[in-house]
Amino acid sequence: MEEIHKSFSKLDMIEIISIFKIDIDYFDISKVKLSKKLLQYINDHETFIPSIEYFINDKKELVEYLSKPNQIKVAQFQRKEIMYIAKNILLYSKHKSFIHTCFKNDYELQEQANYIRMFGDIPTVRRAITELNIFYPTKFELYISPKIKYEISRKNKLKAVRPMVEFKYGKFTLFE
């Protein structure tokens with residue numbers, strides 16, 4: 001790997017250093033220097049502690065993750081455009097027609113859905129693509145970063161463990 005992608009902030013790199021227990025002193029150095037140190041460490045060492053949070057098990061997966069753009073970071077102007085498209089897809093899913101949306105035909109809808117599916121870390125995009133996949137003949141596969149996948153699975157496990165509460169009418173004393 002030649003360099004870590006520029007979309008990774010210093011805090012992102014520090015988080016990776018702490019999760020993989022990499023021995024790098026990151027205090028009082030710039031993002032560029034930290035990037036070079038992290039890159040040097042990755043090139044020099046072959047084994048890394050696997051991370052369940054990032055779903056990264058070896059050096060190859062870590063290099064691949066750091067060389068691609070950081071999916072969690074989306075520019076503000078791009079985020080507005082993505083949200084606009086996702087909301088229009090939700091409208092299309094609700095009404096099942098192009099009347100209330102910005103789309104003119106199926107081709108434009110498919111093109112826009114293909115574009116926003118790469119931003120599966122945004123909850124509105126996940127909901128829009130999931131609802132579109134329910135009835136639309138062409139299925140779109142969402143790309144969700146490993147970190148967000150881990151957070152979603154953790155939340156789903158917590159929901160499954162949590163007991164269901166049933167409310168009935170009457171007076172109840174929970175604590176005295």
Side-chain angles (χ1 to χ4, degrees), residues 1-22 24 26 31-32 34-35 37-39 41-42 45 47-94 101-103 109-136 138-164:
M1 178 169 75
E2 294 175 16
E3 67 178 19
I4 295 172
H5 197 272
K6 294 176 183 177
S7 62
F8 285 94
S9 68
K10 183 177 178 181
L11 289 175
D12 293 332
M13 288 187 275
I14 289 172
E15 184 179 359
I16 289 169
I17 288 169
S18 63
I19 286 174
F20 288 100
K21 296 176 178 58
I22 297 174
I24 293 177
Y26 49 81
K31 174 187 168 182
V32 176
L34 180 61
S35 175
K37 277 188 172 186
L38 182 59
L39 187 64
Y41 187 91
I42 291 170
H45 294 80
T47 59
F48 294 94
I49 299 168
S51 168
I52 58 168
E53 186 173 344
Y54 284 94
F55 292 105
I56 295 174
N57 297 318
D58 58 0
K59 179 180 177 176
K60 180 183 173 195
E61 291 175 0
L62 180 61
V63 166
E64 183 179 329
Y65 176 74
L66 290 172
S67 62
K68 291 182 178 177
N70 190 353
Q71 279 297 117
I72 297 170
K73 308 281 185 194
V74 179
Q76 191 63 32
F77 73 91
Q78 193 177 18
R79 189 177 188 90
K80 286 181 181 180
E81 177 190 5
I82 291 166
M83 292 297 288
Y84 177 75
I85 294 168
K87 287 177 182 178
N88 276 289
I89 289 175
L90 285 169
L91 275 173
Y92 176 78
S93 298
K94 183 178 179 181
T101 66
C102 67
F103 308 120
L109 173 70
Q110 287 180 357
E111 189 178 284
Q112 296 298 328
N114 242 351
Y115 169 67
I116 68 165
R117 74 181 177 87
M118 297 305 290
F119 301 96
D121 292 345
I122 302 171
T124 307
V125 171
R126 286 197 300 269
R127 198 172 104 231
I129 296 296
T130 303
E131 286 189 21
L132 186 64
N133 281 340
I134 290 171
F135 69 90
Y136 201 72
T138 305
K139 302 301 179 202
F140 301 96
E141 187 179 336
L142 273 170
Y143 175 78
I144 304 173
S145 68
K147 185 176 181 179
I148 301 296
K149 273 185 190 174
Y150 174 75
E151 289 176 9
I152 291 170
S153 67
R154 196 183 80 220
K155 285 180 184 178
N156 288 338
K157 286 178 187 174
L158 285 174
K159 285 181 185 177
V161 173
R162 190 178 316 142
M164 294 299 292

- Item | From Met83 atom CE to Ile116 atom CD1, the distance as rounded to the nearest 0.5 Å | 9.5 Å
- Message: Testing the basics here: between Asn114 and Arg117, what is the closest heavy-atom pair and its distance to 0.1 Å?
- Response: OD1-NE, 2.8 Å
- Task: To the nearest 0.5 Å, tell me how far Ile134 CD1 sits from Ile129 CD1.
- Result: 11.5 Å
- Which residues share a salt bridge (Lys or Arg N to Asp or Glu O under 4.0 Å) with Lys147, sequence neighbours left out: Glu15
- Query: At their closest point, which heavy atom of Leu132 faces which heavy atom of Ala113, and how far apart are they?
  - Reply: CD2-CB, 3.9 Å
For residues 55-63, dump all side-chain donor-acceptor pairs below 3.5 Å to protein atoms at least two apart in sequence or in another chain.
| unit_1 | atom_1 | unit_2 | atom_2 | d |
| --- | --- | --- | --- | --- |
| Asp58 | OD1 | Glu61 | N | 3.2 |
| Lys59 | NZ | Ile42 | O | 3.1 |
| Lys59 | NZ | Glu46 | OE2 | 3.3 |
| Glu61 | OE1 | Asn57 | N | 2.7 |

- Query: Can you list the residues that meet the ring-ring contact (aromatic ring centres under 6.0 Å, His included) rule with Tyr150, with sequence neighbours excluded?
  - Reply: none
- Task: Tell me, with the steps shown, if Glu64 and Lys68 meet salt bridge (Lys or Arg N to Asp or Glu O under 4.0 Å).
- Result: CA-CA 6 Å; Glu64 183 179 329; Lys68 291 182 178 177; 3.4 Å; yes
- When rounded to the nearest 0.5 angstrom, what is the spacing between CG in Leu39 and CD in Glu3? 8.5 Å
- Item | Close side-chain approach of Gln112 to Phe103, heavy-atom, < 4.5 Å | yes
- Is the side chain of Asn88 donor-acceptor paired with the backbone N or O of Thr101 at a distance under 3.5 Å, no angle test? no
- Message: Checking side-chain polar atoms at under 3.5 Å, does Ser9 have a donor or acceptor matched by the opposite partner on Asp12?
- Response: yes
- Message: Tell me every residue that passes salt bridge (Lys or Arg N to Asp or Glu O under 4.0 Å) with Asp121, counting only those two or more places apart in sequence or in another chain.
- Response: none
- For the residue pair Tyr41 and His45, does the interplanar ring angle fall in the parallel (under 30°), tilted (30 to 60°) or perpendicular (over 60°) class? parallel
- Note on the structure: Taken in chain and number order and not counting sequence neighbours, the residues that satisfy ring-ring contact (aromatic ring centres under 6.0 Å, His included) with Tyr92 are Phe98, Phe135
- Message: Would you say that Arg126 contacts Ile148 through its side chain, given a criterion of any heavy-atom pair below 4.5 Å between the two side chains?
- Response: yes
- Message: Using the side-chain contact (heavy atoms from CB on, under 4.5 Å) criterion, which residues pair with Lys10? Sequence neighbours excluded.
- Response: Ile14, Lys31, Leu34
- Could I get the full list of ring-ring contact (aromatic ring centres under 6.0 Å, His included) partners for Phe77, not counting sequence neighbours? none
- Item | Partners meeting ring-ring contact (aromatic ring centres under 6.0 Å, His included) with Tyr84 (sequence neighbours left out) | none
- Item | All pairs passing ring-ring contact (aromatic ring centres under 6.0 Å, His included) where residues 2-22 contributes a residue, at least two apart | Phe8-Tyr65
- Note on the structure: Rounded to the nearest 0.5 Å, the CG atom of Leu38 sits from the CD1 atom of Ile4 at a distance of 4.0 Å
- Query: Taking only residues two or more places apart in sequence, or in another chain, which ones meet Lys149 in a salt bridge (Lys or Arg N to Asp or Glu O under 4.0 Å)?
  - Reply: none
- Query: More than 12 non-hydrogen atoms from neighbouring residues, nucleotides or ligands closer than 6.0 Å to CD on Glu151, yes or no?
  - Reply: yes
- Item | Heavy-atom pair of closest approach, residues Ala128 and Ala86 | CB-O, 3.6 Å
- By side-chain contact (heavy atoms from CB on, under 4.5 Å), which residues pair with Thr130, not counting sequence neighbours? Leu142
- Query: At what distance, to the nearest 0.5 angstrom, does NZ of Lys37 lie from CD1 of Ile22?
  - Reply: 13.0 Å
- Could you pull out all residues at least two apart from Arg127 that satisfy salt bridge (Lys or Arg N to Asp or Glu O under 4.0 Å)? Glu131
- Query: Would one find more than 12 heavy atoms of other residues, nucleotides or ligands at under 6.0 Å from atom NZ of Lys159?
  - Reply: no
- Leu91 CG to Cys102 SG distance, which is reported to the nearest 0.5 Å: 9.0 Å
- Message: Quick one, Gln110 with Tyr136, criterion side chain to side chain contact (heavy atoms under 4.5 Å, CB included). Give me CA distance, side-chain angles, the key distance, then yes/no.
- Response: CA-CA 10 Å; Gln110 287 180 357; Tyr136 201 72; 3.4 Å; yes
